[in-house]
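Read the numbers this way: they start at 1 and go in the same order the structure lists the ligands and their atoms.
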Amino acid sequence: MKPASFEYHAPSSLDEAVALLAELGEDAKAIAGGQSLAPMLILRLAVFGHLVDLRRVPGLRGIERRDGSVRIGAGTTQAAIGRSAEIARSVPLLARATPLIGHFQIRSRGTIGGSIAHADAAAEYPAVALALDARLEAFSPRGRRTIPAAGFFTGLWSTGLAEDELLTGVTFPARGPRSGFAVEEFARRRGDFALAGAAVAVELDEDARVRRCGIGLFGLGPAVQRAPAAEAAATGAEAAGIDAAEVGRTAVSRLASIPSDLHGSAAYRTRVGAAMVARAWQKAVEEAKGD
Ligand code: FAD
């Protein structure tokens, strides 16, 4: 199939890009790597009269360490993130999630901004952004603002971005001492979207108690989500005394609207999800303890 016809725009500045989106309204869509939007257009799951290509917009790419955090430009490809020594060192959860996204051909075009703005419920980067409390920078004709990841993912393929607003960057806290990270997912074939998965970040205090933890769930609802009950139960507890299987069970115990489709029933995804959380928790805690 071919997409419905559209007018192509290639703005050369961020101001021009958001002005176009504001002027053209709901008939316009930004396109970055095209790895999610192009299939939707080709299958005619989405039709837009105007596409605003972000690839020539300067300043959207790059990885930069800033004091205690790492900022990644929204147009940075998943492949560049996967190759970055800074990301491997400072944001290991993101580095470990990257090879799980599709195949290398997809990662060489797909961008972090596109992945987060697309907000697929089974995507890895949105779950990592949640687990790490990332901050998302947005720009529109009204100016810049920062959105915490916790308030960004609002439902199926929907986010807190306005129609004329673009993501310009994502900032992650850099790894601190006594911290551990793991991402676990189950997919039918390598490169497929996960049926269920979990991204876990754990930080311990000097007494090996959990100072902070973040559990990002994907494939387990209409949107990626945190597991607040499991996080609250673990925070403050001695890491060695926490049963990883119990963390997994608690994390999935209050989920609503778990998908049930050809790939797996809701009950199956729930069991797999609990197992993925448990595995990721175990690995993250072991890393944090330095085992
Ligand atoms: P695009 O497709 O260009 O855009 C996607 C959406 O984001 C559009 O709505 C667009 O308007 C919006 N957008 C893009 N950039 C911005 C911006 N800066 N500001 C605001 N809005 C913006 N993804 C996974 O996470 N895990 C997988 O396992 C996985 N497997 C895949 C397998 C296949 C076969 C394919 C084709 C894709 C797969 N993907 C997977 C999707 C892939 O990761 C996409 O790259 C990513 O979801 C979107 O990034 P993109 O840059 O290509 O965005």
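Heavy atoms of A138 come nearer than 4.0 angstrom to ligand 1 in no pair at all. Contact between F193 and ligand 1 is present, with at least one heavy atom of the residue lying under 4.0 Å from the ligand. Assignment of L100 to the shell around ligand 1 is supported, since a heavy atom sits closer than 4.0 Å.
The residues R96 and E287 are annotated as salt-bridged, a charged nitrogen and a carboxylate oxygen being separated by less than 4.0 angstrom. Salt-bridge check for K29 with D53: failed, with every basic side-chain N at 4.0 Å or more from each acidic carboxylate O. The pair E246-R249 meets the salt-bridge criterion, with a side-chain N (NZ, NE, NH1 or NH2) lying under 4.0 Å from an Asp/Glu carboxylate O.
Distances between N or O atoms of E165 and those of ligand 1 include no value under 3.5 Å. Here's the thing with Y125: none of its N/O atoms is less than 3.5 angstrom from an N/O atom of ligand 1. Checked against a 3.5 angstrom limit, the closest N/O atoms of G102 and ligand 1 fall inside it. Among the atoms of A38, none of the N or O lies under 3.5 angstrom from an N or O of ligand 1. Residue L166 has no N or O atom closer than 3.5 Å to an N or O atom of ligand 1. Considering backbone and side-chain N/O of L54, none are found under 3.5 Å from N/O of ligand 1. Considering backbone and side-chain atoms together, A30 places an N or O closer than 3.5 Å to an N or O of ligand 1. Checked by distance only, ligand 1 and L161 stay at 3.5 Å or farther apart across all their nitrogen or oxygen atoms.
For ligand 1, the atoms closer than 4.0 angstrom to any heavy atom of A117 are 7 (O), 12 (C), 13 (N), 20 (C), 21 (N), 22 (C). Close approach to D192 involves these atoms of ligand 1, each under 4.0 Å from a residue heavy atom: 28 (O). Heavy-atom proximity to K29, at under 4.0 Å, picks out these atoms of ligand 1: 9 (O), 11 (O).
Side chain of S260 to main chain of A266: a donor-acceptor pair is present (N/O by atom type, distance under 3.5 Å, no hydrogens or angles). The main-chain N or O of L130 is found under 3.5 Å from a side-chain atom of R226 such that the two form a donor-acceptor pair.
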From CA spacing to verdict: salt bridge (Lys or Arg N to Asp or Glu O under 4.0 Å), R71, E137: CA-CA 10 Å; R71 182 189 181 277; E137 292 163 28; 2.9 Å; yes

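When the heavy atoms of R107, Q35, Q105 are ranked by distance to atom 36 (C) of ligand 1, first place goes to Q35.
Looking at Q78 against ligand 1, only its side chain comes within 4.0 Å, counting heavy atoms. Under 4.0 Å from ligand 1, heavy atoms of L167 appear from its side chain as well as its backbone.
Cluster partners of F104 are absent, since no Ile, Leu, Val, Met, Phe, Trp or Tyr has side-chain heavy atoms less than 4.5 Å from it.
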